[in-house]
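Here is the structure we will look at.
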Amino acid sequence: MEQKTELRYQGVPAAPGIVMARAYRYLKHVPRIEEKKITPKEVDGEIERLKHAVGRAEKELQKVLLLAEQKIGVVKAKIFEAQIMILSDAVLFGAIINRIKKEHKNAEFIVHAEIAKYQQMMLASSDEYMRERSHDVEDVKNRIIRNIQEEKLVSRFEGNSIVVAQSLTPADTILFSRNEVLGYLTDMGGVTSHAALLARSLRVPAIVGLKDLTAKVETGDALILDGYAGVVVVHPTEETIRAFEQRKAEIAVYEKKLHALRDLPAETLDGKHVELSSNIEFSEEVEFVRSQGSHGVGLYRAEGMLMGRDTFPSEEEQFCEYNEIAEKAYPHKVIVRTFDIGGDKVFADVSEEENPFLGWRGIRVSLDRPESFLMQLRAILKASVKRNIWVMFPMVSSLKEVRRAKEFVAQAKASLKSEGVNFDKKIKVGVMIEVPAAAIIAGDIAKEVDFLSIGTNDLIQYLLAVDRGNELVSQLYQEFDPAVMRTIRHIIKEAHKHRIPVGMCGAMAGDPVATLLLLGLGLDEFSVIPTILPEIKKIIRSVNYKEAQKVALKAIAFSTADEVREFLTANTKRIAPEIHLKE
Ligand code: PEP
Ligand code: MG
């Protein structure tokens, strides 16, 4: 057979892994909607058709919900409960039925017109969260219309394929997962889109944001999907296939080698022990975290629970989530961060601001919403009976906030005590140091809390005045900037002066080039994304603490970030030559 020209496309890596397989191009059923007049006699029959279709749509979604609960867990499956709720929206369906009666038009036309109104409003929003939600509404709309038109749902295909689609709804992703899906590629979507999050949970390699890949690929085309680099190769040549096979094998060997360290402690050659834990967003990640050899969870971003919903989870719901994580991680600890809403993590009812990163965010929102804050603290406390939960507050910028937040903890404890509910009376309370003001007064804060955790993602952006998500200034976002390093040294010193531990949960903790520096500065805990954990452990286990201290001392004396990076890279290569460092 003639070799077609090889083509390469770059997207956004959404879930890791390398696969080679045939494409299955999934073109969504786009319903054809014609406006038809019906006679007054036909009105009742049309309404019946609508009700029947809504009933079938609900049955389909119940099935998806059940499957989702098994595959990705109860909390994440809630996206589908929200879709089922749209189907029982009395106001919406009242309006649709009224229009059928008044206008004497076919049901699918009216359903399309009414639901599209909501969807347009959501799509026009400048808020990414709302725009993502509009896809859920569209999914419900198309589901009803497909059922009115009595079309079958296609979600099964011959196995062992890579699904290529314009976009995938959460329901598509779940339904496809019943087949042998080896990977997902989508034209649209960012790393935080639902399809990307679900692919990661399902551990299926995925790339999103591939623009118009569906126009370039047909079912049956040979593909290579590199979910580490975000690269897709269409019609790969023999040579490319060999190169990817080799890369895949190398990654497998490398991961296997690192995996051998899984049950060994994160300890330097001369016996200095540090905590090596993970950052997670969902309870389902805990098993994976443990399989990577983590000591626990150094940051649980509780906002994962708010995904796909527009109201706060109840105390009971939150308790179930925190409890599940605490039980799965036991005997290791879990640091639960109270909701960090605002900034780039927009929640439905937080309105838009001119400067969201300098606005109503993190602890500021919690302190302004005593009821929700208390509810969250009570849920966290209730889940703390095994004494492996710590709690911490994000975006703190003053001592007053720390004191007020602690008062809320005391209030939550008092209310539980009066109800006779058990909890950890000595629960450890900490603060994230991610605002320069908090870094400067780290000593004062340290006097009043049990631990500190450095959030470099925000600390760097606020310290250097560089928006963490702005491509235009990304060159200026430098973790090895002398100002950043000196601030980190100051925070660690202040914490130790007051005899409390200090960790880091920002991405810098998971950068292998930074490991020697942070270790040498005396950091007590590294909380990193689970996939990088073995590499960080390898570096820690390859050096003497004394030597790391020397490296840190020298690094901090340089006057530019470039010099520091070069110096640290050379030292890391010398100490742990098997580690792959990104150049
Ligand atoms: C940080 O700012 O470093 C951090 C860990 O928090 P987030 O990335 O969730 O803002
Ligand atoms: Mg932060």
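Values reported hereafter were calculated over all heavy atoms of this structure, with side chains retained and with hydrogens, waters and symmetry mates removed. When a ligand or atom number is given, it counts from 1 through the structure's own listing order.
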Does the pair Ile460 and Tyr477 meet the rule for a side chain to side chain contact (heavy atoms under 4.5 Å, CB included), with working shown?
CA-CA 7 Å; Ile460 297 172; Tyr477 190 95; 3.7 Å; yes
Restricting Glu434 to its N/O/S atoms, the closest one to the Mg ion (ligand 2) is OE1
Mutual orientation of the aromatic rings belonging to His332 and His295 [parallel < 30°, tilted 30-60°, perpendicular > 60°]:
parallel
Would you check whether Arg361 reaches within less than 4.0 Å of ligand 1, judged by its heavy atoms?
yes
Which heavy atom in Ile380 sits nearest to a heavy atom in Val391, and how many Å separate them?
CD1-CG2, 3.9 Å
Region of Leu299 that comes within reach of ligand 1 [heavy atoms, distance under 4.0 Å]
side chain
Correct closest heavy-atom pair for Cys505 and Met392 would be SG-CE, 4.2 Å
Measure the distances from the heavy atoms of Met508 to every atom of ligand 1 and state whether one is below 4.0 angstrom.
no
Tell me whether Asp340 has at least one N, O or S atom under 2.8 Å from the Mg ion (ligand 2).
no
Nearest heavy-atom neighbours spanning Val484 and Leu463:
CA-CD2, 3.8 Å
Name whichever N, O or S atom of Asp458 ends up nearest to the Mg ion (ligand 2).
OD2
Residue pair Leu519, Val274: steps toward the side chain to side chain contact (heavy atoms under 4.5 Å, CB included) verdict:
CA-CA 8 Å; Leu519 181 68; Val274 292; 3.8 Å; yes
Closest approach of Ala302 and Phe339, non-hydrogen atoms and distance?
O-CE2, 3.4 Å
For Cys505, the ligand 1 atoms with a heavy-atom partner under 4.0 Å come out as 5 (C)
Heavy-atom contact check, 4.0 Å cutoff: does Arg337 meet ligand 1?
yes
From atom 4 (C) of ligand 1, work out which of Glu303, Gln461, Met432, Met395 has a heavy atom at the shortest distance.
Met432
